[in-house]
Trainee: 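Before I ask anything, let me first share the structure, which is written out below as structure tokens.
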Amino acid sequence: MLRRVLLLGSLLASSNAVSLKHHGASEQGSSQLSETVSVGCHQACTQLSATFGSAFHYPDNDQNFTIWDAKQQEVHPACRVEPSDANEVARVLDILVHHWCNFAVKGGGHSRHRDDSNSVAGVTIDLDRINNVEVSTDGTKARVGGGATTAKVYRDLDSHGLSFVGGRVGTVGVGGFTLGGGTSPFSNKYGLSLDNVFEYEVVLANGTITTVSDYDHPDLYFALRGGGNNFGIVTAFTVRTFSQGPVFTAATSYHNNQSEQVLDQVYDLWTGDELSSDVETAYDFYYAYSPQNDDFTLMGNQRYAKPIMNPPVFSNINEITPLTRSPRIATMGNMTGSPEPMGVTRNLFATLSVRPSRPFLTQALKIFSEEVKKIKSVKGLTPNFICYPIQKNAITAMKQRGGNALGIDTDGPLFLILISTAWTNASGDAAVNSMTENTVQRVKSAAEKLGVANRYRYINYASAAQTDEVFPGYGGENMQRLKQIQMAVDPKGVFTSKGLWRGFRKLL
Ligand SMILES: Cc1cc2nc3c(=O)[nH]c(=O)nc-3n(C[C@H](O)[C@H](O)[C@H](O)COP(=O)(O)OP(=O)(O)OC[C@H]3O[C@@H](n4cnc5c(N)ncnc54)[C@H](O)[C@@H]3O)c2cc1C
Ligand SMILES: *[C@@H]1O[C@H](CO)[C@@H](O)[C@H](O)[C@H]1NC(C)=O
Ligand SMILES: *[C@@H]1O[C@H](CO)[C@@H](O)[C@H](O)[C@H]1NC(C)=O
Ligand SMILES: *[C@@H]1O[C@H](CO)[C@@H](O)[C@H](O)[C@H]1NC(C)=O
Ligand SMILES: *[C@@H]1O[C@H](CO)[C@@H](O)[C@H](O)[C@H]1NC(C)=O
Ligand SMILES: *[C@@H]1O[C@H](CO)[C@@H](O)[C@H](O)[C@H]1NC(C)=O
């Protein structure tokens, strides 16, 4: 079934090859999206160009534009515009709807599929200038621009001795991160990012700017907590801030023959009581293939939200001698500040979630290794099996202020799995796609056989091929409620796959 979808995709891509080559884009791994700029988009760009001056760019004069994934970097939009505030976003949207021109919205731009945040032959609405961080006088909240990056927010808050529920990598956008979920080193204490937003400033499909909170438009507030890019363009998030000093992180790596021993300890940590009681704690692991060594390595990140070297919660894990260990104490701004290379590697993410099972971890890593070994010849191959829990505390925190849209149906913990692969040449696209799909299918069957499968698919890690599983994974009731809210707030379907904002994981 999945293979058929892939085949269809590549057939359509090859029938598009002429127009793709004409635009100088890569001939491989493209989807069936048309690269031809419509008359409406030509007209919209002409009008935007007259209105936005130096905040407007045609792609042949936009060499400074970078975006994380090379497949998105290769995309040619009709034009790109950088609005500075909600009024300008509304003005852009009015022009696009008037000319019926398709578009994409870029927050931090960390998506992995064409058209997710760089528009294929339409207009890329780049929120990068909307990145202001304003801290409230009492220090309990900050108003964060919808295009701010994680590192910018951490750095601005560091200077006040504060922090927020942000991610692990500084270049990731608060926009996409928070609209989809947002798992953080602070989630064991405060919950996911989407459960720490008090208010959204949002531009609706008809160009209205509105403020959304649990008492002002509670339905839309529910929908924005997990609904992704289906409801509006968020120009500001008012988020919880809290006192926070420097934190401890230790990156560790282990020889493959130590993996089972380490997993025993990691499993005990994730499922034991100490994780819930010692809320400063977080731990995630990466099982990665290295072409240089032709072997797999288990890497664990120990995190503790206090400036304590080697906190006791990790003492059992630390009895296993790692190959390497780099402990560090720094502020979140410093910890996440180093820039990621942009537009260099091609990337694919896919995801699953499971209830805790120790045998599952062993079986899943074995399946992943077997599938990766089949595609070792892919250039620049860097595959990772990443896993960490959504902790019990984070699941409890989901019930605040009317609850979120994710529909997590367990008290937790729930293990999140991310199959994340980077590679360097389009000639590897098909192999990585099939490795990822085979791994997901087999890991899913293994979870089902062990009785630990879970319906939840994290939207921010889901592949395009998993689009149809994301919202059903929120539960039928939540999915229906989201669809009703979507249709009520966007009756023309501008933000749906049949409208103008078509990229990323669509509800309708
Ligand atoms: C290196 C890396 C590290 C990551 N680390 C973490 C992590 O620690 N925890 C975690 O939970 N996830 C993590 N992720 C996943 C991340 O949360 C998603 O990729 C997320 O969608 C990225 O958001 P973005 O704004 O950077 O990307 P974009 O591609 O700009 O946005 C993703 C989608 O959201 C939409 N969008 C963005 N901003 C807005 C807005 N203001 N209003 C309306 N729509 C908007 C876009 O249109 C797009 O469709 C990581 C991803 C990468 C690549
Ligand atoms: C690219 O950035 C550089 C340095 O900031 C600037 O001097 C140059 O004008 C920019 N080029 C374009 C085409 O915007
Ligand atoms: C694991 O591999 C390392 C490096 O090859 C080796 O030194 C060590 O003896 C091995 N340990 C076991 C238990 O096999
Ligand atoms: C963070 O970085 C700044 C600037 O480089 C430095 O002055 C400061 O000491 C660092 N602080 C911590 C706790 O890492
Ligand atoms: C990708 O691979 C093709 C064929 O193997 C090769 O011709 C091309 O130069 C490679 N491109 C890059 C960017 O390495
Ligand atoms: C825009 O849409 C919102 C949500 O449906 C609605 O409340 C509002 O009245 C609409 N505004 C206009 C001017 O049509």
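In listed order, ligands and their atoms are each counted from 1.
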Trainee: Only heavy atoms count here, so choose which of I329, N334, D158 is nearest to atom 3 (C) of ligand 4.
Mentor: N334
Trainee: Using a 4.0 Å cutoff against the non-hydrogen atoms of T208, which atoms of ligand 6 qualify?
Mentor: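 Checking each atom against T208, I get 1 (C), 10 (C), 11 (N).
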Trainee: I'd like to know if C101 pairs up with C45 as a disulfide, counting it only when the SG to SG distance is below 2.5 Å.
Mentor: no
Trainee: Looking only at non-hydrogen atoms, find the nearest pair between R129 and S84 and report the distance.
Mentor: CD-OG, 4.1 Å
Trainee: Do any N/O atoms on T424 end up under 3.5 angstrom from N/O atoms on ligand 5?
Mentor: no
Trainee: Scan the protein's non-hydrogen atoms and note whether one is under 4.0 Å from atom 5 (O) of ligand 6.
Mentor: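 Yes; the ligand atom in question has protein heavy-atom contact below 4.0 Å.
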Trainee: Will you find, in the side chains of Y289 and D294, an N or O donor that is under 3.5 Å from an N or O acceptor?
Mentor: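 Indeed, the side chains of Y289 and D294 share at least one donor-acceptor pair under 3.5 Å.
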Trainee: Does one side chain, of D126 or T124, offer a donor that lies under 3.5 Å from an acceptor on the other?
Mentor: no
Trainee: Would you kindly check if the NZ (Lys) or CZ (Arg) of R481 is within the cone defined by 45 degrees around the ring axis of F222 and under 6.0 Å from the six-membered ring centre?
Mentor: yes
Trainee: If you take the centroid of each ring, where Trp contributes its six-membered ring, are Y388 and F285 closer together than 6.0 Å?
Mentor: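 No - the distance between ring centres of F285 and Y388 does not fall below the 6.0 Å cut-off.
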Trainee: Of all the non-hydrogen atoms in the protein, which one sits nearest to atom 2 (O) of ligand 6, and at what distance?
Mentor: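 The protein heavy atom lying closest is N206 ND2, 2.3 Å.
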Trainee: What pair of heavy atoms forms the shortest contact from G226 to Y474, and how long is it?
Mentor: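 So the two residues come closest at O-OH, 2.7 Å.
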Trainee: Does atom 11 (N) of ligand 4 have a protein heavy-atom neighbour under 4.0 Å away?
Mentor: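 Yes; the ligand atom in question has protein heavy-atom contact below 4.0 Å.
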Trainee: Would you mind running through ligand 5 and noting each atom that sits below 4.0 Å from a heavy atom of K379?
Mentor: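 Those atoms are 2 (O), 5 (O).
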Trainee: Which is it for A488 and ligand 6 at heavy atoms under 4.0 Å: side chain, backbone, both or neither?
Mentor: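 Looking at A488 and ligand 6, just backbone atoms fall under 4.0 Å.
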Trainee: Will you find, in the side chains of R325 and Q302, an N or O donor that is under 3.5 Å from an N or O acceptor?
Mentor: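 Their side chains do contain a donor-acceptor pair, which is all the 3.5 Å distance test asks for.
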Trainee: Going by the order shown, which atoms of ligand 6 are within less than 4.0 Å of some heavy atom of V489?
Mentor: 4 (C), 5 (O)
Trainee: From atom 14 (O) of ligand 4, is the closest protein heavy-atom distance below 4.0 Å?
Mentor: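 Protein heavy atoms within 4.0 Å of atom 14 (O) of ligand 4 - there is at least one.
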Trainee: Could you list the atoms of ligand 4 found under 4.0 angstrom from a heavy atom of A330?
Mentor: 14 (O)
Trainee: To which protein heavy atom is atom 9 (O) of ligand 5 closest, and what is the distance rounded to 0.1 Å?
Mentor: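 The closest one turns out to be N425 ND2, 4.7 Å.
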